[in-house]
Trainee: 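Here it is, the structure in full.
Every chain is numbered from 1 and lettered A, B, ... according to where its sequence line falls, protein lines coming before strand lines.
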Amino acid sequence: MEGIDFGFGLSKSSSVQLDKVDLTLYRRLEALEPGVRVCMACGSCTSTCTAGPWSGMSVRKVILNLQRGKDVGRMLSCCMLCGKCTMVCPRGINTRHLILSLCRIYEKV
Amino acid sequence: MRERFATGFDPFVLPFLIGMVFVLGYCFFGIFRILYQLPKDDRRRFLVSLITPRTALKNVWDIFCNCLLHVKLWKRNKLLGFMHSSIAFGWFMIILLGHLEVFIYCPERVHLFYYPIFFNYFVAENESTIGGAVLFFLMDFFLLLILTGIGLAIVKRVRSRFFGMRRTTRPSLLDRVGLYSLWAIFPLRLLAESFTAHISGGSFLTIPANWVFRQFLGNDLNLLPTWWAYSIVLGVFMVVLPFTRYMHIPAEMMLIPMRNAGLRIRHPRKGFAKVQVLSCPGCGVCIDACPMSAQKVNIKDCTVYLNRQIRRGNEKRIEEISDKCLLCGKCEAVCQVGVEGPRMRVAQRSARRYGLTPDFAAIDTAPLSRAASAAFSGAAGATGAAGAAGAAAGAAGVAGAAGAAGASGASGVAGAAGGAGVAAGAAGVAGAAGAAGAAGAAGAAAAGVAGASKVAFFSGCMTRLTPSVGKAVCSLLDKAGADYVWLDREEGLCCGRPLLTAGRIDAAISLIRKNEEVILGSGADTLVLSCPICYKMFSERYALPGVRVVSYADYFDEFVQQGRLRFEKSDICYVYHDPCELGRGCGIYESPRRLLGQAAGIAEAEKNREESVCCGGSLGSLTLDFAHREVITRKSLENLYSSRADAIATACPLCLSTFRRYSDRPVRDLAEILDASCRL
Amino acid sequence: MENKNVLVIGGGIAGMEAARRLLQLGCEPVIVEQSDHLGGHVAGWHKLFPDMMSAPELVEQMAAGLDGVTVYYRTRVANMNRLGSGYSVMLSNGMSLQCGAVLISTGFRLFDASKKEEYGYGVYDHVVTNSDLEAWFGGAPDDRIPDSPARVAFVHCVGSRDLKAGNPQCSKVCCMTAIKQAIEMKEKFPSAEVWCFYMDLRLFGKKYEDFYIAAQRDHGIHFVRGRVSEVSEDIHGHVVLKAEDTLAGTPVKLNADLLVLMAGMLCNDDTQGLARMVHADVDSDGFMRSRDNIYRINESNRPGIFFAGACTGTKTVPETVAEARAAALDIYNYLNGRD
Amino acid sequence: MIYQGKQKIWSDYQKELPSDGWFYVRSCIRQSFFPGSEKYFLEICRDLLGHDIYESPHHTTCGGIAYHSDTIPQETAMTIVARQFALMTEAGYKNLVTSCITSFGNYTEILETWREYPELEARIRENLWKATRREFEKPEYLAHASDLVHKFRAEIGERAVHRLVDVRTGEPLRIVEHIGCHYSKMFPHKGIGGAEYPCVLSGMVESWGGEVIDYPERRHCCGFGFRQYLVKANRGYSVSNTHKKFESMEPYHPDAIITNCPGCPYFLDRWQYVISEQTGKTYGRGGYGIPVLTYEELAGLVLGYDPWDLGLQLHQVAVEPLLDKMGVDYDPDAKYLGLNKKDILRPGLPTVLKCC
C-alpha cells in the first residue's frame, strides 16, 4: 500500500509456525521416497557433497527445510547426483532418489 | 507334373491369404511409421546404409546368422540354439523350397502368394523324377527338422529347466494363441501333405504316413479339411502375430540394419526404440541374467518385462522398471536379439519432466584448473603459454617436440614452441603448452612415451570414499616417474555419468562442459581415471582435443610393457571382478588381468568378463534400496567365491566399497594390489 | 547339586566375576579362554570411567579371587551337546567336560575401523582407534600418534548406528569413552585442541554428565554436532576431516594431527557358532537373545545356558560385573533345582 | 490458562512493602511522553490516599538509558545512582520508589552487583565522595511506582468512580497488561508475581473490575529494546516486534493495554500508527487502535479524574472508545486544551488510523 516512507519497515518474521507450514511438498516426497523420514540429521551427506561448495547443497537441510516450509531450489540447483551422499548415509537413505523425486515434484514454496 | 486345378484356387487358401495380407500390410505400415518417426539425420543415415554395399552385405549376413541360424544362441545354449534355428531355418527353407518348386514347375503361378505354401495341394508331382525326389526329400527333411524343434519347444514350455533356464516369462493370452497356432502349423502341414501324398507325391515322411492313414481312414475325405486346418492356423498365426511376441521375427530384421547403420535410441518410445521393443522375443534369458533376480520381488523388473510393459503402455510399471535397473548391461550382453536394455531405460528416464533442473553455469572452474596447471613440474613454462586457453592455443605447437620426446625415450626433452622445457626428476618432461596439442598427444601415445606427458589423474567422486585407491594410483604414478597432478584431490566436479544415467541429459552435458574447462585449462595431455564410471563417461561423451583419456588399468599396463613398472608376484590368489562399467561398459577385460597376473595369482569366477555379476552398488539404479542391494551384493560375492580365491580384486571404487561391506574375504582394488607388490 | 561343574566360556571380566562368585557358592567353574590371558578387552584398557580406575589393576584384583578355578587358555569350545540335565562339552585342547550349566560370557568384538574406508584407518598415517589409543595410554608405543599433536579429532559412532557398516545399534559406551579419552589427551598435551564429532551425545550413566561438563569447562574440548563423512590426508600427512556442523548448518573441515575413531561394539563372531551348537537364539542385532530384556537378561531360551556381559548387547564394565554376579546366582539356583 | 497455577506462582513472588516513607525518583522520558502520569501518581498516592512520598528537585537520571545504549560504563551509572541514594539519605528516607522500569532494573542490578562485589560498592562510595562529597545508605526497600499502586489497589478500588466495566453491556473490560522487561525479567524475585506471570498490573485490573487477557506473545518485549530503536537502521526490527505482539493479541479484541514502563506505552501507542501506515491494518474496532494507558492514567480514570487532565490527549491512539465504554464524561472540545485552557493545537491526522 502507498504509505509514508519511515525509512524502515516491518521485517518478516524468521520464526516458523510449525503447525501452519505447508507440508504438501514434503508429503508428496514422503510418498515417493519414504526414506526421507529416517534422517537423523547427522550431516554426513552435506560434508561429503560434491556440489556443496558451489550451491550450499545439503540433503540434510533440504529435508529439514522442506519440513519447515522453506524453499530448497537453490540448494538443489548444483546437485550432480554423484551418489556420495547415498554412500555415506548411515541410515541407508536413497538420497539420489530423494533428490530426483523432489526435483520432479518441485514447486517453489 | 500336372496342376490339379485349372483355376489354381480353392477357398481354403482364404484364411492364409487374409493373414498374409494383414501381416504384410501391418509390417509395411509399421516400417513407414518407424522411418517417419526417426529423426531426420538418423533416417538419412539408415537409408544410406541400406544401399552401401558393405553394410548391406553385413545386414544380410547378420540376418541370416541371427534370425535364421541363431548363432548367438547356439554359442550360449546348444539345445536352445538347435530348437530355435531348426524352426526358423527349417521354416525359411520350406518357404524357399516352395517358391523354388513354383518357379520350376509352374512359373506362371508365381504371383500367387499361396501357391508355394499349398503347392502339394495344387500340383501333383511324382517323386520318381529326380527333381521331385530331391525337392520332396528336402521338404520332408526340413519339416522333420521343424517338428523336432517344435517338440523341443513343447518340452521347454513344460520343463524349462531341461534347457538350463531357471526362469522364463509367462506368455500372455494372445502369446498363447500365437504359440499354439505356431505349434499346430507344422503337424497340420504334415497331416495335409500326408493325406495328399498319394496324389501329389511325397518323401520319406509323408508317403509312409499316407500309407498308414489309408489303412483305416477314408483318405480323400480328410484331404480338404486338413488343408483347411493348415490354412486356418497359418492365418490365425499371422493375424495375431503383430500382437504377440512373435512380432520379433519381422522386427529383428529391421533392428539389425538399424543397428548396423549406427543408430542410437533418441526417443523413449518411437523409432529405434520401437523396433527394439518389438524385437524382444520375450525369451526371458535376461531374467536369469539380471542381478536383481536374486530376489523374487524384482524379477518382473528385467528387460523382457520392460519391453512387454512398453508394448502394453503401462506407464506406472514402465517407470518402476526403468528406475530400478542397475544399468549393469548384462541383459544386453546375453540378449540374443541385442535389445539395449540399459539404453532403453535411460531413454524412458530422460522423458520425465522435472520441476527443477540443475544449473551448473555459475560454477567457476578457473580455480580448479589453475591449481592443477600450477602443480605440474613444468608449470613455470606452461602457465605462461597455457593458462585456461592454453590447450587450444598450443594445439598446433609442439607436436614435433612431443614426437621427439617419444623418440628419445625417457630422457629430458626441451620444449620448443611453448618457450621453456623443463627436465624434472627422472623422467623427461616436455614442457610448454604445445604438448597439449592433439597431434602432440597422438604422437606421444603412438611413440609410447607416456612419461613425457603431463598426466592429470581424475579420481572421481567415489574414489574419495575409498581413499586407498587414490593413494595407490598416485604412488604408482610416482614410482613410474610420471609428471602428474591429482586433479580433483581437493575439490572436483562429478563426471556427469550419474546425471546421464538418471536421464537428465541436458544437465549432464552442461556438467561435462564444465569439466572440459577444468581439464583443458589444466594443460594436461593425458587424463588417467581410476573410476570406470568416469572413464566410460570421459571416453564416450567428452570433447577433449589433444587429451588422451585412459583408464589406469590400461595406463599401468603400458608402463609395464615399457618396463617402467615391475611387480613381484605375491602368493595371494585373487579373483578379478569385472566392474560393469569397465568390462561390459568399455570392453576392458584383459589389461587388469594382465596386471593382476604379474602382481599376484589370479583365478576366474564362474561368471566373468561379459557375464560378470553386478556388485549391486551401481549408481544406475535410482530406486533400489539398501536392503535389496545387499542381496544382490551377496549373490555377486557368491559368484566370486566360486573361484575359491583368497581374496577379491576389482578395479572400481564403487564395487570395492560395496563388496567390502559384506565380503568374508579381503577385497582390494587393483591399484592397491599393484602398489603393494610394486618393485622399484 | 548333581553336577557342580559350570563351564564359563570367555575369561573376560564377566567370566572372571561369575567364576569367582560360583566358586564362593560351592560350584566348580571352569573357564575356557581363547587368548593367553584373562580380562578380555578390559585387560588391554588403560583406565575406566567414571572413576579413572586402572583397568589392569581391576583385572588383577578380580583374578586374585580365582584360586581354585580351572582356566584353559588358548582354548575354544569345539563341540557342545545337551546330555541328560547338563551339557557334554568337547574343548579344542582335547579335554571333555560334563557340566551342569554353561555360562556364555564371550563379550564383544570391536568394529574393524578399516571397514569405514572413508576414515582411512590403516591407510593414513595418523588414524587410530579408541582401543589403539587406550593401549598407547597404557604404555604401548604407537608411531601413528605424533609427539606433540596440535589438533586431535575424535569421531564418534564408527561402525555404530550405521546401516552401511552393518550395525544400526548404538554402542552406548563410545560417547563416554570419547570424552574420557579426549580429556586424557588434553591432559597429556595441554596445548592441543581436541575436537569431538558426534551425532548425539548419549551420556546416560552416573557421573557421565560431569565428565561432559568437565570436558567443556575445564579442558575446552570442542564438540561439533556432525558426523564425519570423509577423511583425506594432506601433503604434510595431516588428516583432513570433512563434516557438517549441523547446528551451524555449515560444512566444516579440520586439519588434525591425529584422528581417533570410536569403534563400536559388535557381537563376537564365535558366539553365534556357540549359539548354533546349543540352539540358543541370536537376536536381530547379532547379539545373543535373552529370554527378555528386562527381567531375565541372564537366561537363554535353552535350559542351563546362561549369559553374562556383552554377549547379549553392549554393556559398561559395572553393568557387566553386576550381570556376572546375577548370572552366578541364577546358575547356582538352577543347579539346585530352584527357579 | 489455569488461573490457580498462576496464583500459585504469584504467591511465591510477593513483595513486602511499607506504605509510607518513600523517596520518589522520576523517569527521564515519561514526563514528555505521558506528562500526567507522574503528577497523578503523587496526586493519588500522596494527596488522595495520604501516604508519605517525597520527591527531591535535585534528583537526576539514573543513567539507565545510557547504560543500556552502551554509551556509559556501569561504574558511571552506579555513581549516578549512588548520588540518588545520597539524596534519599539526606532527605531522611529509607525507601526508594522509581517511576521508571529501566531505573528500577538499573537500581536493582546495581544493588545486586554490590551485594556480590562489596569492593565495587566501596569504590563507588569513594567515587561519589570524591565527586560530590556525599555519602549514602542503601535503600531498605526498593519499589517501582506500580508496586505501590498495586499495593494501594484496593484503596483505589473502594473510591472508584468508574469501574473497568463496559457500562453498556455490564461486561468487564478486556485489558492487556504489558510489563516492562526490566521490571522482573532480570531479577524475578524483585517483581510482584515473578518474571513469567507478573501480577503487578493484572492485580490492579482485576481489583478495578476488568478482565486480564492472556495471549501467546504476552511475555514479548514491546520492541523498544534501546539499540533496536535508537539506531534507525534497526527500527524495522523494533516495529516488527511490536507488530508480532499486536498480531498475537488481536483475536482477543482487547479494550485497552495497560503498561508500567516508560517505553512500552510509547511504542505500543506510536507503532500502531506506523503499522497502520505500512500495512493498512488497525487493531481496535471501527478503524481505531487499541488505547494504551499507563497504570497511573488508568487509576486516574477509575478515580474519576478528567481524561484531559490526565494527559490522554497526548496519546496517538484515541482513548475515546475506552472512555465511552467506561462511561467517563469528557468534553471532546476540551481535548486539545492544556493547562489553564491554553490551546495546545490539533495534531495532523493519520491516513489510516482513526483518531476521532
Trainee: Look up atom OH in D/Tyr273 and atom CZ in A/Phe6, then write down how far apart they are to the nearest 0.5 Å.
Mentor: 4.0 Å
Trainee: CZ/D/Arg235 to OG/A/Ser11 distance, rounded to the nearest 0.5 angstrom?
Mentor: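 Answer for the CZ-OG pair, D/Arg235 versus A/Ser11, is 14.0 Å.
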Trainee: Is it the case that atom CZ in D/Arg285 sees more than 12 heavy atoms from other parts of the structure closer than 6.0 Å?
Mentor: no
Trainee: If you count the non-hydrogen atoms of other residues, nucleotides and ligands that lie under 6.0 Å from NZ in D/Lys335, is the total more than 12?
Mentor: yes
Trainee: Given the options D/Thr242, D/Ile275, D/Val274, D/Asn241, which has more heavy-atom pairs under 4.5 Å with chain A than any of the others?
Mentor: D/Val274
Trainee: Inspect the surroundings of CZ in D/Phe226 and state if more than 12 heavy atoms from other residues, nucleotides or ligands are less than 6.0 Å away.
Mentor: yes
Trainee: Check for a donor-acceptor pair, side chain of D/Gln278 on one end and backbone N or O of A/Asp5 on the other, with a separation under 3.5 Å.
Mentor: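 Here the side-chain-to-backbone pair does not exist.
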Trainee: Who pairs with D/Phe187 by side-chain contact (heavy atoms from CB on, under 4.5 Å), at least two apart in sequence or on another chain?
Mentor: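 By the side-chain contact (heavy atoms from CB on, under 4.5 Å) rule, D/Phe187 matches D/Thr108, D/Glu109, D/Glu112, D/Lys190.
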Trainee: Over all heavy atoms of both residues, which pair between D/Val239 and A/Gly9 is shortest? Give the atoms and the distance, please.
Mentor: CG1-O, 3.9 Å
